[in-house]
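To start, the structure itself, in structure tokens.
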Amino acid sequence: MTLHIVSKSPYTSSALKECLGAFASGDALLLIEDGTYVLRHPALETLQSAEIYCLEADAAARGQQQLAATMDRVEMINDARWVQLCTEHQPIVSWFR
Amino acid sequence: MTLHIVSKSPYTSSALKECLGAFASGDALLLIEDGTYVLRHPALETLQSAEIYCLEADAAARGQQQLAATMDRVEMINDARWVQLCTEHQPIVSWFR
Amino acid sequence: MSIKSLALCRTAPYGNALAREGIEAVLAAAAMDQAVDLLFLGDGVFQLLDHQSPADIGQKSLRRNLQALPMFGIEQFFVCEKSLAEREITLEQIQVAGAETKTVKDTGSLIASYPTVLSF
Amino acid sequence: MSIKSLALCRTAPYGNALAREGIEAVLAAAAMDQAVDLLFLGDGVFQLLDHQSPADIGQKSLRRNLQALPMFGIEQFFVCEKSLAEREITLEQIQVAGAETKTVKDTGSLIASYPTVLSF
Amino acid sequence: MPRRAGHFTIWPPMKFSLAVYSAPHSAQSASSALRFAKTVLQQGHEIYRVFFYCDGVQNGNATAAPPQDEIDLTAEWQVLGQQHQLDLVICIAAAQRRGVLNQREAERLERPAANLADGFELAGLGQLTDAVANSDRLITFGS
Amino acid sequence: MPRRAGHFTIWPPMKFSLAVYSAPHSAQSASSALRFAKTVLQQGHEIYRVFFYCDGVQNGNATAAPPQDEIDLTAEWQVLGQQHQLDLVICIAAAQRRGVLNQREAERLERPAANLADGFELAGLGQLTDAVANSDRLITFGS
């Protein structure tokens with residue numbers, strides 16, 4: 001199953017939208033860098049059953065940690081878990097624009 | 001009156017959307033680089049009375065010249081006219097992300 | 001027409017250097033007593049959001065740079081009201097000590113009142 | 001799972017070098033007999049659009065690079081159907097001699113069938 | 001007195017400044033800036049300053065060696081600068097971070113090489129502020 | 001045999017390759033790549049190659065001199081590369097366009113200075129193709 005890594009803001013880039021359009025059942029989503037702003041974006045609701053991960057350090061940098069704490073559906077992860085996710089999924093697709 | 005210069009694609013960037021949100025009556029719009037893809041985008045319709053310009057060379061590079069020929073509302077311009085537009089407007093605002 | 005210039009800040013902090021380099025340019029202008037106003041629009045409003053903790057990504061707080069602006073005479077920040085609403089950010093979340101945050105509905109008219117606009 | 005890799009091309013030509021550098025990477029792989037497929041998605045579909053005339057902006061035609069791919073054994077291009085529709089581009093406007101253009105509805109399943117995806 | 005270029009009437013000459021944020025060969029806006037600058041001068045206007053900021057500092061990197069069939073923006077700026085005595089200023093802080101140094105900076109920062117192209121000058125952000133204050137128009141070429 | 005790091009069970013070691021497209025100090029993804037590489041190694045996996053492409057070639061620019069309180073990504077890659085014998089490859093075509101040259105290239109292209117940092121190597125795009133073929137996972141760090 002694919003791991004999709006989104007690193008751009010959903011408010012200014014089409015990265016999330018295009019990623020969701022190419023999302024297969026069973027795929028996982030990882031939010032990094034400006035992609036952590038997805039935490040506050042309504043489009044997240046459309047991913048009903050998918051695993052969603054978010055890099056904790058990148059969210060905290062942007063003041064998203066309190067928001068993240070309120071979200072059951074998103075697992076906040078550290079870098080070790082990031083690497084582990086990459087071992088568990090194939091292929092890995094970066095959405096960086 | 002402001003000259004707004006949009007240089008990013010309306011399909012992947014929020015540049016056009018944010019520019020239109022900051023458009024005052026009497027302002028002019030200039031499309032350059034990937035902003036010339038705005039020619040085929042429905043959002044152009046929302047600018048009913050504004051002057052709209054488009055750099056001909058940038059549109060032609062991207063295969064938009066035939067499309068441009070069908071549009072009455074957009075004036076295709078060369079680089080000399082670009083400079084002239086900049087002399088005629090103040091301020092000039094670039095929307096490049 | 002105002003003799004001030006406007007810095008239009010549209011980039012989120014940290015993901016890209018533009019937000020930081022924009023604020024550095026504003027600081028330089030303020031340090032030279034050149035009058036400059038700031039308008040935060042689009043993802044630029046994220047620059048103002050509180051609780052930024054970028055130490056773990058190896059960066060310095062950009063909000064701290066914004067907090068230095070009042071010391072250089074920049075005591076008001078214009079913020080696009082629509083951009084805030086779209087991101088569900090409240091006014092309380094973007095307060096900076098020593099500066100007044102003014103939400104703007106008609107950003108077009110505000111922009112048109114400056115002779116020069118620098119985009120960041 | 002296929003042993004081929006997939007190049008995911010999402011960038012419009014000319015505005016940024018990424019579209020060109022992506023196709024150069026694909027050409028290099030093909031020249032080394034490494035099997036690679038291409039999926040054009042989002043603004044990447046603009047790479048295929050006909051009548052590109054970039055001489056006046058001082059660039060070389062990227063479409064010409066795409067036309068070289070069949071000589072290296074890349075004879076089909078996958079194109080996201082939704083991206084084409086959104087941009088009102090017809091199949092006739094994106095034909096490349098020597099290659100078959102295959103529109104794809106379920107891009108998610110296509111992507112998941114490759115072990116490696118390079119994004120450009 | 002207004003002059004004519006083609007069928008357009010030109011206003012009295014204006015002072016333009018350009019802020020360039022993009023590196024050559026990465027974004028078209030770097031070459032758009034050059035194209036605009038050339039046209040400004042052709043139309044009889046003046047360029048007060050070109051300020052290279054952010055990744056735009058790479059326009060002054062003398063080490064760049066684009067293929068012969070691609071535009072060499074650094075060389076083009078050098079020629080235009082010489083022809084018209086342009087003030088081509090590279091932001092020194094942005095350039096340090098990105099590795100564009102003159103001899104003095106390379107020695108001071110203990111780096112192995114200087115690579116600032118002739119015709120460009122390293123200076124502080126104050127030069128951007130000064131350009132805003134002293135130009136009729138400032139155009140941003142972002143990335 | 002799976003090992004444990006913290007509370008996570010680690011699969012047998014995997015071969016990772018990274019494709020890095022961003023310049024230091026311009027985009028966070030350049031530092032994300034370094035952070036990821038460090039963690040890959042800490043977790044007992046192998047890095048087959050780091051391929052610097054597009055603006056990512058600037059990671060190997062020895063002339064860059066970031067302020068002391070900012071990360072020096074070039075220096076960090078050098079240290080990590082030495083500790084783990086990493087294959088840090090800069091795409092030669094992308095580097096020529098952007099002004100990152102070794103001594104041989106600088107002489108051949110008649111440029112005033114060589115600025116490729118020690119520990120990095122210039123090579124062709126074939127090294128990216130080879131990394132795709134020989135790695136278990138390839139991660140793109142775009143800009």
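By convention in this document, chain letters (A, B, ...) are assigned in the order of the sequence lines, proteins followed by strands, and residues within each chain are numbered from 1. Source: prediction; values computed, not measured.
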Toward chain F, the part of E:Glu70 with a non-hydrogen atom under 4.5 Å: side chain

Heavy-atom pair count under 4.5 Å with chain F, highest-scoring of E:Ala114, E:Ser26, E:Ala64: E:Ala64

F:Asn134 atom CG: more than 12 heavy-atom contacts under 6.0 Å: yes

Separation of F:Arg98 CZ from E:Arg98 CZ (nearest 0.5 Å): 14.0 Å

F:Arg104 atom CZ: more than 12 heavy-atom contacts under 6.0 Å: no

Nearest-0.5 Å distance that lies between atom CG in E:Leu101 and atom CG in F:Asn115: 9.5 Å

More than 12 heavy atoms from other groups under 6.0 Å of CD on E:Gln83: yes

Atom group of E:Gln58 that falls short of 4.5 Å from chain F, counting heavy atoms: side chain

Segment of E:Ala95 engaging chain F (4.5 angstrom heavy-atom cut-off): neither

Point-to-point distance, once rounded to the nearest 0.5 Å, from OG1 of F:Thr63 to CD of E:Glu105: 12.5 Å

Top of E:Ala65, E:Cys54, E:Ala62, E:Ala106 for chain F proximity - count of heavy-atom pairs under 4.5 angstrom: E:Ala65

Contact leader toward chain E among F:Pro24, F:Pro67, F:Ala117, where contacts are heavy-atom pairs under 4.5 Å: F:Pro67

